[in-house]
Asks: 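Sharing a structure with you now.
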Amino acid sequence: MANTRGKSFIGRFGVHIAVLIFVAIWTIPTLGILVTSLRDKDQITVSGWWTALTSSTQTVAGRLPGASAQVERDGTFVIEGNIFESGSGQVGAFGTRVQAPTQYAAGETAELNDGVTMQLNEDGSFVLTSPQAFEGDRGQRVYYSVLQPPSFTTENYNTVLFSEGIGRSFLNSLTVTVPATVIPILIAAFAAYALAWMRFPGRALLIAAIIGLLVVPLQMSLIPLLKLYNGVGAFFGVPAKTYLGIWLAHTGFGLPFAIYLLRSYIAGLPREIMESARIDGASDFEIFVKIVLPLSFPVLASFAIFQFLWVWNDLLVAMVFLGSGSDQLVLTGKLNALLGSRGGDWEILATSAFVTIIVPLIVFFSLQRYFVRGLLAGSVKGG
Amino acid sequence: MGSQIFSAILVIIVGVGGCVAYFWGANKLLDLAFPSRGVAGRAAIDNLRRQGIVRPWLFVGPALLILTVYLIYPVVDTLRLSFMDRAGQNFVGLANYQWAVGDREFRTSILNNFLWLAVVPAACTFLGLIIAVLTDKIWWGNIAKSLVFMPLAISFVGASVIWKFIYEYRAEGQTQIGILNAFIQYLGGTPQVWISIPFWNNFFLMVILIWIQTGFAMVILSSALRGIPEETIEAAVIDGANPFQIFWRIMVPQIWGTIAVVWTTITILVLKVFDIVLTMTNGQWNSQVLANLMFDWMFRGGGDFGRGAAIAVVIMLAVVPIMIWNIRQATRESGEGH
Amino acid sequence: ELKFKPGEDARFTWANYDDLKKVDLKGETLSIFGPWRGEDEALARSVLEYFSEATGATINYASSENYEQQIVIDTQAGSPPNIAILPQPGLIQDLASKGLLTPLDEGTANFVKENYGAGQSWVDLGTFNDKDGKAGFYGFPFKADLKSLVWYVPENFEEAGYEVPKTWEDMQKLTDQIVADGGVPWCIGLGSGGATGWPATDWVEDIMLRTQTPEVYDQWTKNEIKFNDPAVVNALTIFADIATNDKYVDGGKAAVAATDFRDSPKGLFAVPPKCYLHRQASFISSFFPEGTELGEDADFFYLPAYASKPELGTPVLGGGTLFTITKDSKAARAFIDYLKMPLAHEIWMAQSGFLTPLKTVNKDAYANDALKRQGDILVDATTFRFDGSDLMPGKIGAGAFWTGMIDLVGGKSPEAVGTDIQKSWDGIK
Amino acid sequence: MADLTLRDVKKSYGAVNILHGIDLDIKSGEFIVFVGPSGCGKSTLLRSIAGLEEITSGTLQIAGETVNDVPPSQRGIAMVFQSYALYPHMTVYDNMAFGMKIAKAPKAEIDRRVKQAADILQLTPYLDRLPKAMSGGQRQRVAIGRAIVRNPKVFLFDEPLSNLDAALRVATRIEIAKLKESMPQTTMIYVTHDQVEAMTLADRIVVLKDGRIEQVGTPMELYCKPGNLFVAQFIGSPAMNILPVTIERGGAPTAVRLPSGTVAHVPIATPANATGTKASFGVRPEDLRVADDAEGGALFEGTVDYIEQLGEVQLAYIDIGRQGEQLVAKMPGNAEVARGGILRLTASPGNLHLFDENGRTYAVSDRAVQAA
Amino acid sequence: MADLTLRDVKKSYGAVNILHGIDLDIKSGEFIVFVGPSGCGKSTLLRSIAGLEEITSGTLQIAGETVNDVPPSQRGIAMVFQSYALYPHMTVYDNMAFGMKIAKAPKAEIDRRVKQAADILQLTPYLDRLPKAMSGGQRQRVAIGRAIVRNPKVFLFDEPLSNLDAALRVATRIEIAKLKESMPQTTMIYVTHDQVEAMTLADRIVVLKDGRIEQVGTPMELYCKPGNLFVAQFIGSPAMNILPVTIERGGAPTAVRLPSGTVAHVPIATPANATGTKASFGVRPEDLRVADDAEGGALFEGTVDYIEQLGEVQLAYIDIGRQGEQLVAKMPGNAEVARGGILRLTASPGNLHLFDENGRTYAVSDRAVQAA
Ligand SMILES: Nc1ncnc2c1ncn2[C@@H]1O[C@H](COP(=O)(O)OP(=O)(O)OP(=O)(O)O)[C@@H](O)[C@H]1O
Ligand SMILES: Nc1ncnc2c1ncn2[C@@H]1O[C@H](COP(=O)(O)OP(=O)(O)OP(=O)(O)O)[C@@H](O)[C@H]1O
Ligand SMILES: [Mg+2]
Ligand SMILES: [Mg+2]
């Protein structure tokens, strides 16, 4: 309520600074990937991503035009031009052998074999002269150091965002994710309420079992479950891999955590509120729907965020329990397919990471507002 | 596209609606079967009692069913497999467990897992709590939170790329493209191959998980923090407590239950974690952990379901102490509160 | 739509396409799990499309980073794809021994033996033991990789005055020469995330083939000679002498295990060059900087054999993918038949990244000269041997062997490394 | 219609016994007030009646039916919680309407009743607020409103007025009295600490102490004929003055020796064998008056220690003994008493009380009961 | 040492103004009681003084220093919250000891002070309990204990006794009075709804209404010379009877025509031009008495509508007009009045009050002030 309880200067800014430091540490890696996703594929592994933000001096190789560009002038053959295709840049030094790439300062004239000379100026213009005619289409290689401005490309995003079928797989992902988030919430919330506020035999045992089930490794469940799916599918003569199947699978895998988290929260609600509703004549169902659910929004929202995330980012479960046809392939699967077989495509990986992050972030932001402060304020006096 | 959206929405409605329909319908049915409203006296009361017996099961029923199918059944199957040979066809008794005890890699994994368990849950919970508390007080808290949350939203593959670019090693003197080594080199130090320094590399891997999971702890804890009655904090302010004291002595104890939940969840997650180890080192340089080892035997080259299952069983057994602790916690709280 | 219009380009054996049209598979669905993603997937699909176009079958191709895991799960649970394409013979052996594979048609083995260069090697490669230990031909080899290649930048050689070495001894001399000139000869990167270490196994295998007879090599992959056998230790030592020599490798020995194999060739193209030589399989060219022209900006030479061991000839180490039938169907068998046709090979050859040992193809179909030269190496090999680590049981070839290589470049003695790996191997027997 | 019968009702939290066997008959339509020191078990008893606490033993009947295990919703009760127990996420309106909505009452009816209750409780401007934006008294009124909107057989009020200001308190008290009158069949059970509330509202008052009933009776019975020392001191404010005395001579009247040495003759019958025993002598502050010089010996004489001026009346605290015995006397606000002054006090014999060694009241048969 | 000065203190929650400019000077060592209807802003004012609410405008000074943005912990205050605000995870002992532990007081000292407070508040048996296992009154006592264990310059109490039983309430009230006496330098600000508490404890009472101060004064000032109609009705219980009258003739005394038609002469000076205006005539229930037949005209005559018997006194509700005008009269508990009977009432002229059309009191200069 009282926000500024009149803190000292340090007190007031200490928090900001501390948060800033935390956020910086947490963001640097992410920022790295963001910058990486905007960089040129070849640059990624050549220089640090942070250097991409500023101009830097780099030594690069270039190739001058081939023999077809030569003109004869006073018995010498000359090739002229500018090594900067865009026409701007600043050459620091240059060389003609890769082993000594910055042998000459810009503007100097380098002597090559057979009387060939080369001059490369600061603005990138060059003059190559030779007593004999040049031969061959591949021109002379030249090495030079150049001040490179930051350069970014959206090509990676083009590749990812406009790849074929991405819209469809986005929809498929949503089709998987939304019910796979909502269903476990419903099921878990009911169970959590029962485990927290209803009395029935075996309650404690159930709570224990749920914690135990948290640890079951997903990988161990896949084969037996898929067997079961195949069995059921065969029995009813329907496909084994359906949306229903994957919803249930995600529900099953998310359920222990959901129940565990929700139960601990719901058990902490003030019992007087529940009692008061009971006296008002509300049944358990009504208490749950009208009192417990609204008061549990913060925890429901947190769980929703996580479940959404897990499902959204999942590839394994989707590949196993859902087919890989175009009407079923999820976004992660689609993006994964964009990667080369040997997986070196960091620019794609980085870009996909950013593309997939957006929807969960939206979910996070939109559910943030349910993290209400003082939801229970004013309900009971005491404590 | 339009029809796709339509069918997607339809499918979603069917899925979610079905679930809602169950709870609503089952409850309605129960009310119809044992009417309590509009029925007089004793009968209503008896019916209510019957409802009281049945209703909890209606509520936990779906959860139970799903848990049984999706988790208990696989657990049983895993147990069975752990006594079988590599193809899961012949009974071999305790051979897989005997093998595990004798296996050097297994022992390394156990040790490493202990390290992870000791560090990661504590670090995540602690950092998450601190961030949750601090961001609660500032106007840009939500922005800060979402930045800390972001790693959680990045897939493991994405995360491994990110950290590759942090730990990346280039020989001394060369342009470092890993920010950590660049920093070390900038300070005049010698670049290190972080992920291959035995023992310590465990910590460099843990940092990744901490980086990811702190957001998780933060989200849950910050929702719990907001549930703390403001008045108790005001009372403490008046009692002269400084922010640290308020934090440690008023806020933390009141959300202790949630802290336990977060801690437990991350502990269990740590037991199961393998993506990070897999993508960063695949257990080399002595950084193996149980889950990755299990995965290894199960699917990657190992091809031995028996051994994989045996390791899985060990992982599951590791949770027993946590279970006991939690049950104590739960019964204590219901003993006092109910 | 089809990449090359049937009948239009003489490089292709269009007769095959007409034959294929006679097979009617309308309404059939053929599901395929394969390792290819991204650009490779597009290439693979271009091959598949001819099949579906001609026969009317629908093809569902899927892949993902964990498709191998998925194949294990799916076959085990009883919902496998029709065809699984796997690069690891070890994994296929696993599936075969659990009875999850269907043997290929009789005569297929014969076909491979007769029509593939070093045919018997390929047949052996595709032959696995089933549940009862009975051998059968399960894996049809399609698409090969050539591993025994050393990549270099011709112009860098030229400017420095180096020659392409013809023998291992020459190569050794060149190495020292480069060091003497103040350069660094090799770029080696063993990093590969979860598979870190594998590039070193190729080195060791190549050295094995150049220091031992093919028979010893075979025994080694079957563990009929131990991993700490002097023959193996010798190979390990030769590799270690290069990889752990700070002067020989870019970044020094610490960088070897830490550098990603996909990044390591980039040293060739740096200015000034970080290294001059890079031993890696044919696929690596796709990790060269954009715009690199093979044959001009970068080129390769055959990893030379020892002049002192002429009896071993010019052995070639390779890899490749094997097509297996995981769920039998008419379409699956028809598809394997399609792979026997030159056309299936030529379509991919005409694009990129594809080599084939099939002798009946039109070599002119290769998209460029470099590919064609690699193809020639493959077909002309006196000895062809498949990647040994892939032949070993997964736990060794994709586990202990990798770890051993990491240890080796980390400074562990070759003997100790060999002993360790052998121990692991004993553990799974 | 809604008689309540409690038979040996016990309740314990774990090992701690809170209610030690409560026997109580409440007739349909009665207005019963529970009073007793803080922590004596009033709320617990109320909650047991509501069905919110399972009673440990005994039987609880409503309208002749044993309801021990009938859920609260079926007992036909409404309750105002001491701690409000508002629904924090609902507006004041919804808080009050909740019960009726659950009962599926028609919308118009709900609206009418809620508006009416809000009117009575002066909550109309706040109907759209959430509880957290309300003052303590406003919250309390919402809690009351929630109960009166429903139309139960039994009303349970747990200190419903404790946070209200005097005016509102009187108004609400009268509203509750009227409410009671308008539903003569409805039983009301009311916990309060306010003497005035207890006296004005109750048909009968139940005095509790440490989980036991001390006395049950009409307000005047309790005031005039407290059954024991505890009740005598508990009812009435300021409390009855109690002095240790020795019975000089049992019989009727009884002669007792006051600490001051004075012997008073109390028109109360005591057995002859009581002679010489210790007893407690009681007189209410309001029954004390300044002794006329005309009248013979004053009962007490002492120095005024402290005076509380309440406007209309004043309370004089008078030291009457060496051992610090103190009396409180209520005097008219305009009486001239000064701190340090000496006062001589007396009371009419009919207003004197006597309790035996165990705190039990000596029979009052002989005593002239004051006109109510 | 701890004077408090409030200058034009305003507070609003969003668009809703709660405090509309409070000006108040509190001297060090004073005992100030805030009273006012529920929701008038007492808690808000108290919380503003504590620093828990930021005031929207104005200045707040403690001991001469502006503390508008001094954090609560630096203001040297202790506070009892209306809603207790106990630390749910701490035992009663720890709840009380917390403040001192924070202040790093020696263990023995903490123990002594906590035990002492527990003793006063009869909490000793509960020191090891958690708040949730306590009754409402017990919780409230813990909240009080927490404040008195510390030794602040300013005490803030927000309805600290509302859930206590009468006996404990008196005892605690006296303890608070003693506490006050033992620390003459400590300023105490106390919110209550209990007239008795306000009257007995306060050096000065501040009457608030809708976020404005209506009157500040000693208890007797407020009782005898209410500044306006609101204060007149708010102070005293039952409230002063107010009747609409017309001023027959302004001046001193003033002649007013009562609804009954009787003309009363009130010893209050009114301006001559008030003649003919509407006014409000007030008389406290306790100032009304049955008119002796001897005395001339009674002021009022009416039928007894309802009687509340409070033991010592009874309240008679008397209908005196056709428009349902009702008077309350406080009579001795033993006076013989019967429902339906006719009563003639009068009051001494000095006890009559008169308010102008706007509710302001007419100057009382001429009026005989009653002896306090
Ligand atoms: N958070 C809030 N937002 C809006 N209005 C509020 C808020 N808190 C309190 N109020 C309003 O401010 C007014 C003053 O509240 P306050 O708590 O100060 O009253 P109070 O005088 O203490 O009353 P009570 O005697 O009932 O406790 C009330 O009308 C209340 O409804
Ligand atoms: N959950 C509990 N566990 C143990 N003891 C409890 C619990 N709840 C209440 N008590 C104790 O039971 C006794 C009776 O409590 P109850 O709330 O009925 O008192 P009360 O008469 O309503 O008091 P008050 O007037 O202060 O509200 C108290 O001494 C209290 O400390
Ligand atoms: Mg109570
Ligand atoms: Mg208040």
Side-chain angles (χ1 to χ4, degrees), chain A residues 1 15-16 18-19 22-23 26-27 29-30 32-33 47-48 171 174-175 178-179 182-183 186-187 190-191 194 198 200 207-208 211-217 219-221 224 243 247 251-252 255 259 261 264 284-285 298-299 302 305 309 313 346 349-350 353 357 360-361 364 368 371 373-374, chain B residues 4 8 11-12 15-16 19 23 27 55-56 59-60 62-63 66-67 70-71 73-75 77-78 131 134-135 137-138 142 144 146-150 152-155 157-158 161-162 165-166 175-177 182 219-220 223 226 230 257 261 268 271-272 295 298 312 315-316 319 323 326-327 330:
Chain A
M1 238 168 279
V15 173
H16 286 270
V19 174
F22 270 118
V23 167
W26 249 260
T27 316
T30 325
I33 196 98
S47 60
L171 273 185
L174 280 182
T175 313
V178 174
V182 178
I183 294 174
L186 276 173
I187 292 181
F190 272 98
M198 294 169 94
F200 59 94
I207 297 174
I211 297 164
L213 290 178
L214 273 172
V215 81
V216 176
Q219 290 79 14
M220 297 310 296
S221 324
Y243 277 111
W247 294 337
T251 302
L255 213 46
I259 299 178
L261 181 70
S264 89
D284 274 308
F285 186 78
V299 76
S302 341
I305 290 172
L309 261 181
N313 277 337
W346 285 300
L349 268 170
I357 211 175
L361 274 186
F364 177 78
Q368 263 266 326
F371 294 175
R373 178 190 307 288
Chain B
Q4 281 169 16
V11 169
I12 289 172
V16 177
C19 187
F23 282 109
N27 192 66
R55 191 169 276 126
F59 281 18
V60 293
I66 289 182
L67 287 176
Y70 284 88
L71 295 165
Y73 159 60
V75 167
D77 199 59
T78 303
I131 295 174
L134 293 182
T135 51
K137 295 188 176 162
I138 53 179
N142 272 358
S146 43
L147 286 173
V148 174
F149 167 83
M150 210 138 56
L152 200 62
I154 296 178
S155 59
V157 198
V161 181
I162 294 176
F165 283 119
I166 288 187
T175 328
Q176 296 295 339
I177 70 163
V219 168
I220 294 189
S223 86
R226 303 213 163 169
E230 189 80 4
V261 168
I268 287 173
L271 279 176
K272 295 206 276 184
F295 188 70
M298 204 67 194
I315 294 175
M316 290 191 263
V319 86
M323 237 162 101
N326 266 277
I327 292 163

Asks: Search all heavy atoms of A:Ile187 against all heavy atoms of B:Cys19 and return the closest pair with its distance.
Replies: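 It is CG1-SG, 3.9 Å.
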Asks: Between A:Trp247 and B:Gly15, what is the shortest heavy-atom contact and its length?
Replies: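 Smallest interatomic distance, heavy atoms only, reads CZ3-CA, 3.3 Å.
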Asks: What part of A:Ile183 is in contact with chain B, defined as an atom under 4.5 angstrom from a non-hydrogen atom: side chain, backbone, both or neither?
Replies: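 For A:Ile183, backbone and side chain are both near chain B.
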Asks: Find the distance between OG1 (A:Thr251) and OH (B:Tyr70) and round it off to the nearest 0.5 Å.
Replies: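 Spacing of OG1 (A:Thr251) from OH (B:Tyr70) equals 7.5 Å.
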Asks: If I take atom CG from residue B:Leu67 and atom CG from residue A:Leu213, how far apart are they, to the nearest 0.5 angstrom?
Replies: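 Nearest 0.5 Å value for the CG-CG distance: 6.0 Å.
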Asks: Count the heavy-atom pairs under 4.5 Å between each of A:Pro360, A:Ala208, A:Ala194, A:Gly32 and chain B, then report the option with the highest count.
Replies: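 Of A:Pro360, A:Ala208, A:Ala194, A:Gly32, A:Ala208 has the most heavy-atom pairs under 4.5 Å with chain B.
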Asks: Who pairs with A:Gln219 by side chain to side chain donor-acceptor pair (under 3.5 Å), at least two apart in sequence or on another chain?
Replies: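 So A:Gln219 forms no side chain to side chain donor-acceptor pair (under 3.5 Å) with any residue.
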Asks: If I take atom CD1 from residue A:Ile305 and atom OG from residue B:Ser223, how far apart are they, to the nearest 0.5 angstrom?
Replies: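 Separation between the atoms: 9.0 Å.
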Asks: For chain A, which candidate among B:Ile315, B:Val75, B:Asn27, B:Val16 shows the most heavy-atom pairs at distances under 4.5 Å?
Replies: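 Most heavy-atom pairs within the cutoff with chain A belong to B:Asn27.
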Asks: Looking only at non-hydrogen atoms, find the nearest pair between A:Asn313 and B:Ala153 and report the distance.
Replies: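 Result for this residue pair: ND2-O, 2.9 Å.
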Asks: Could you measure the distance from the CH2 atom of A:Trp26 to the CE atom of B:Met150? Nearest 0.5 Å is fine.
Replies: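 Between atom CH2 of A:Trp26 and atom CE of B:Met150 there are 13.5 Å.
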Asks: Identify which one of B:Ile131, B:Val148, B:Thr135, B:Leu147 satisfies the side chain to side chain contact (heavy atoms under 4.5 Å, CB included) criterion when paired with A:Val19.
Replies: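 For A:Val19, the side chain to side chain contact (heavy atoms under 4.5 Å, CB included) check succeeds only for B:Thr135.
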Asks: Tell me which of these, A:Phe285, A:Phe22, A:Tyr243, has more heavy-atom pairs under 4.5 Å with chain B than the rest.
Replies: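 Option with the top pair count is A:Phe285.
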Asks: Rounded to the nearest 0.5 Å, how far apart are CG of B:Leu152 and CG of A:Leu309?
Replies: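 One gets 5.0 Å once the value is rounded to the nearest 0.5 Å.
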Asks: I'd like to know which of B:Ile268, B:Ile66, B:Val319, B:Val261 tops the heavy-atom pair count under 4.5 Å against chain A.
Replies: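 That would be B:Val261.
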Asks: Need one label for A:Met220: side chain, backbone, both or neither, based on atoms under 4.5 Å from any heavy atom in chain B.
Replies: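 For A:Met220, the contact with chain B is made by backbone and side chain together.
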Asks: Between B:Leu271 and chain A, with a heavy-atom cut-off of 4.5 Å, which part of the residue counts as in contact: side chain, backbone, both or neither?
Replies: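 For B:Leu271, the side chain is the part near chain A, not the backbone.
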Asks: Quick check against the 3.5 Å criterion: does B:Asp77 have a side-chain atom that pairs as donor or acceptor with the backbone of A:Ser221?
Replies: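 Absent.
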Asks: Between chain B and each of A:Ile207, A:Leu261, A:Val299, A:Ile259, count heavy-atom pairs under 4.5 Å; write down the option with the most.
Replies: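 Among A:Ile207, A:Leu261, A:Val299, A:Ile259, the one with the most close pairs to chain B is A:Leu261.
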Asks: Which heavy-atom pair separates B:Lys272 from A:Leu214 by the least distance, and what is that distance?
Replies: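 Heavy atoms of B:Lys272 and A:Leu214 come nearest at NZ-O, 3.0 Å.
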Asks: Counting heavy-atom pairs closer than 4.5 Å to chain B, which one of A:Pro224, A:Pro217, A:Gly48 comes out on top?
Replies: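 It is A:Pro224.
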Asks: If the plane angle is over 60° it's perpendicular, under 30° parallel, otherwise tilted; pick one for B:Phe23 and A:Phe190.
Replies: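 Correct class here is parallel.
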Asks: Which atoms of A:Val216 come close to chain B, meaning under 4.5 Å heavy atom to heavy atom: side chain ones, backbone ones, both, or neither?
Replies: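 A:Val216 touches chain B through backbone and side-chain heavy atoms alike.
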Asks: Do A:Leu361 and B:Phe149 come close enough that some side-chain heavy atom pair is under 4.5 Å?
Replies: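 Yes, side chains in contact.
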Asks: Taking the side chain as every heavy atom from C-beta outward, state whether A:Phe200 and B:Val60 have any atom pair closer than 4.5 Å.
Replies: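 Yes. Closest side-chain heavy atoms under 4.5 Å.
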Asks: Between A:Ile357, A:Val215, A:Val178, A:Ile211, which has the largest tally of heavy atom pairs under 4.5 Å with chain B?
Replies: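 Of A:Ile357, A:Val215, A:Val178, A:Ile211, A:Val215 has the most heavy-atom pairs under 4.5 Å with chain B.
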